[in-house]
Protein chains: 2
Amino acid sequence: MKTTRNTTAKTTILEIIKHSDVALSHTEIQTLSNNICDRVTIYRVLDRLVGEDVIHKIVNLDGTIKYASCHHAHNEVEHTHNHIHFSCEKCHAVTCLDTVEPTFKMPSNYLVKAVNFTLSGLCPSCL
Amino acid sequence: MKTTRNTTAKTTILEIIKHSDVALSHTEIQTLSNNICDRVTIYRVLDRLVGEDVIHKIVNLDGTIKYASCHHAHNEVEHTHNHIHFSCEKCHAVTCLDTVEPTFKMPSNYLVKAVNFTLSGLCPSCL
DNA sequence: ATAATTAATGCAACAATGTTGCGATATATA
DNA sequence: TATATATCGCAACATTGTTGCATTAATTAT
Ligand SMILES: [Zn+2]
Ligand SMILES: [Zn+2]
Ligand SMILES: [Zn+2]
Ligand SMILES: [Zn+2]
């Protein structure tokens with residue numbers, strides 16, 4: 001079987017994401033990592049971390065992709081990322097709102113498997 | 001003042017979007033328009049139509065941008081696009097669900113100005 | 001109907017972002 | 001320490017979106 005390895009690039013990138021209180025884009029991670037590795041490597045590490053369920057991918061309102069660490073217990077049976085994200089239109093910070101759970105009624109002829117909710121406006125720091 | 005003009009490109013693109021029951025990307029519009037105009041013109045026409053509030057922009061789960069016509073009455077006082085979108089993971093169709101209204105409770109220290117909700121799963125055709 | 005104004009277009013050139021192939025490197029294991 | 005192979009670096013490429021400018025065409029005025 002295909003195993004996964006802990007490399008310096010992977011460790012560094014994961015630390016950067018874990019220590020950030022906002023979601024980070026590929027470019028932001030590259031800057032913060034001080035070019036510790038190639039641009040392509042960052043893409044591949046991010047894919048791996050998402051696959052390992054250590055971080056999750058967020059699509060921002062403008063279509064940019066951001067990454068944040070997963071704060072759930074890793075032994076959950078049902079593992080979803082159905083929490084809301086907030087995108088501040090002033091400081092552009094994207095944060096996970098793990099406690100907010102949206103409710104909605106869907107027509108029965110749809111099968112909903114995942115939700116991706118993003119709110120925008122002003123965050124507490126910018127309010 | 002700067003007026004807007006009705007050109008063949010604009011008319012054609014708007015017709016394509018209006019007659020589609022799913023949201024369309026720039027590339028899809030280009031294909032459907034049979035290369036009636038330059039790639040850049042499509043970008044500019046789409047920006048104009050969004051600015052005129054005739055169509056609205058949707059960010060799909062994968063970060064791709066799609067466009068759909070607005071179905072609201074144009075004399076509404078409050079004009080928002082806070083409806084849910086559904087993205088089918090099989091046929092990749094993105095549709096507007098104008099009737100579904102999500103509810104949620106936000107912490108008071110956030111100011112929510114806009115919402116962007118996308119559900120994914122299987123649409124009625126693929127179920 | 002014709003001329004004048006300028007919004008809109010086409011084209012080229014560029015920037016940003018993401019992907020792929022492959023030889024070289026480094027990690028985990030024996 | 002030796003081996004297997006996951007991962008990396010690099011180059012090359014694809015896609016998507018932007019900008020500047022000369023040309024074209026839609027609207028308005030004459
Ligand atoms: Zn903010
Ligand atoms: Zn999150
Ligand atoms: Zn479908
Ligand atoms: Zn819509």
Side-chain angles (χ1 to χ4, degrees), chain A residues 1-17 20 22-68 87 92 94 116 118, chain B residues 1-17 20 22-68 87 92 94 116 118:
Chain A
M1 77 207 165
K2 183 152 172 153
T3 61
T4 181
R5 295 179 182 177
N6 287 323
T7 64
T8 52
K10 183 179 169 185
T11 308
T12 307
I13 292 171
L14 182 55
E15 284 304 301
I16 289 171
I17 296 174
S20 173
V22 297
L24 299 172
S25 68
H26 169 272
T27 309
E28 289 165 340
I29 292 169
Q30 186 177 13
T31 305
L32 289 170
S33 72
N34 220 35
N35 291 329
I36 197 177
C37 66
D38 192 74
R39 208 168 57 87
V40 180
T41 301
I42 299 180
Y43 280 113
R44 297 200 258 229
V45 167
L46 289 173
D47 283 346
R48 237 180 301 152
L49 290 172
V50 169
E52 294 171 11
D53 243 348
V54 179
I55 64 175
H56 64 285
K57 201 183 214 175
I58 306 166
V59 178
N60 200 3
L61 294 180
D62 55 4
T64 56
I65 309 291
K66 303 242 176 184
Y67 297 89
S87 177
H92 298 106
V94 175
N116 194 296
T118 303
Chain B
M1 82 214 164
K2 182 151 171 153
T3 61
T4 183
R5 295 178 182 177
N6 287 322
T7 64
T8 53
K10 183 180 168 186
T11 307
T12 306
I13 292 171
L14 182 55
E15 284 304 300
I16 290 171
I17 296 174
S20 174
V22 297
L24 300 172
S25 69
H26 169 272
T27 309
E28 290 165 339
I29 291 169
Q30 186 178 13
T31 305
L32 290 170
S33 72
N34 220 36
N35 290 330
I36 197 176
C37 64
D38 192 72
R39 207 167 58 87
V40 180
T41 301
I42 299 180
Y43 281 113
R44 298 200 258 230
V45 167
L46 290 172
D47 283 346
R48 237 180 301 153
L49 290 172
V50 169
E52 294 170 10
D53 244 349
V54 179
I55 64 174
H56 64 283
K57 201 183 213 172
I58 306 166
V59 178
N60 200 4
L61 294 179
D62 55 3
T64 56
I65 308 291
K66 302 243 178 183
Y67 297 89
S87 177
H92 299 105
V94 175
N116 194 297
T118 302

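So that the names make sense, note that chain A is the first sequence line, chain B the second, and so on, each numbered from 1. Reckoned from all heavy atoms, side chains included, excluding hydrogens, waters and symmetry mates.
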CA sep, side-chain torsions, deciding dist, call: B:L46, B:I29, side chain to side chain contact (heavy atoms under 4.5 Å, CB included)
CA-CA 10 Å; B:L46 290 172; B:I29 291 169; 3.8 Å; yes
If I take atom CG in residue B:N60 and atom C1' in nucleotide D:dT16, what distance separates them, rounded to the nearest angstrom?
15 Å
Close residues, residues 37-50 of chain B, relative to DNA chain D [heavy-atom separation under 4.0 Å]:
B:R39, B:V40, B:Y43, B:R44
Under 4.0 Å between a side-chain N or O of B:T3 and OP1 or OP2 of C:dT5?
no
So, the side chain of B:S20 versus the backbone of B:I17: is there a donor-acceptor pair under 3.5 Å, distance only?
no
Verdict with reasoning, A:Q30 to A:N35, per side chain to side chain contact (heavy atoms under 4.5 Å, CB included)
CA-CA 6 Å; A:Q30 186 177 13; A:N35 291 329; 3.6 Å; yes
Working to the nearest 0.5 angstrom, can you tell me the gap between A:H26 NE2 and A:T31 OG1?
9.5 Å
DNA chain C: 5'-proximal contact among B:A9 and A:T7 (nearest heavy atom)
B:A9
For A:L61 and B:V59, which heavy atoms make the closest approach, and how far apart are they?
O-CG2, 2.8 Å
A:Y67 vs A:K57 side-chain heavy atoms within contact, under 4.5 Å:
yes
Result for 5'-nearest mapping on DNA chain D, choosing between A:T8 and B:I65, is A:T8
By a strict heavy-atom criterion of less than 4.0 Å, which residues belonging to residues 27-34 of chain B are in contact with DNA chain C?
none
For B:K10 and B:T4: C-alpha separation, side-chain torsions, deciding distance, then whether side chain to side chain contact (heavy atoms under 4.5 Å, CB included) applies.
CA-CA 11 Å; B:K10 183 180 168 186; B:T4 183; 3.3 Å; yes
Upstream residue (5' side of DNA chain D) when B:N6 and B:H26 are each assigned their closest nucleotide:
B:H26
Using whole Å, what does the distance between atom P of nucleotide D:dT15 and atom CG of B:D62 come to?
15 Å
Take the protein atom NZ of A:K66 and the nucleotide atom C1' of C:dT17, then report the distance between them rounded to whole Å.
14 Å
NZ of B:K57 versus C1' of D:dT16: gap in Å, rounded?
12 Å
Mind checking the CD1-OG spacing from B:I58 to B:S25? Nearest 0.5 Å is all I need.
11.5 Å
Taking NZ from B:K10 and P from C:dA8, how many angstroms apart are they, rounded to a whole number?
7 Å
Is a side-chain N or O of A:N60 found less than 3.5 angstrom from the main chain of A:D62, in a donor-acceptor match?
no
Closest non-hydrogen atoms of B:G63 and A:I65, given as atom of the first, atom of the second and distance, are CA-CD1, 4.3 Å
Integer-rounded Å distance: C:dA26 P and A:R5 CZ:
12 Å
Nearest heavy-atom neighbours spanning B:T8 and B:T12:
O-OG1, 2.6 Å
Have a look at the helix from C:dA1-D:dT30 to C:dA30-D:dT1 and give the angle its two end axes make, five pairs each, rounded to 10 degrees.
40°
Classify A:T64 by what it touches in the nucleic acid, base, sugar-phosphate, or nothing, heavy-atom distance under 4.0 Å.
nothing
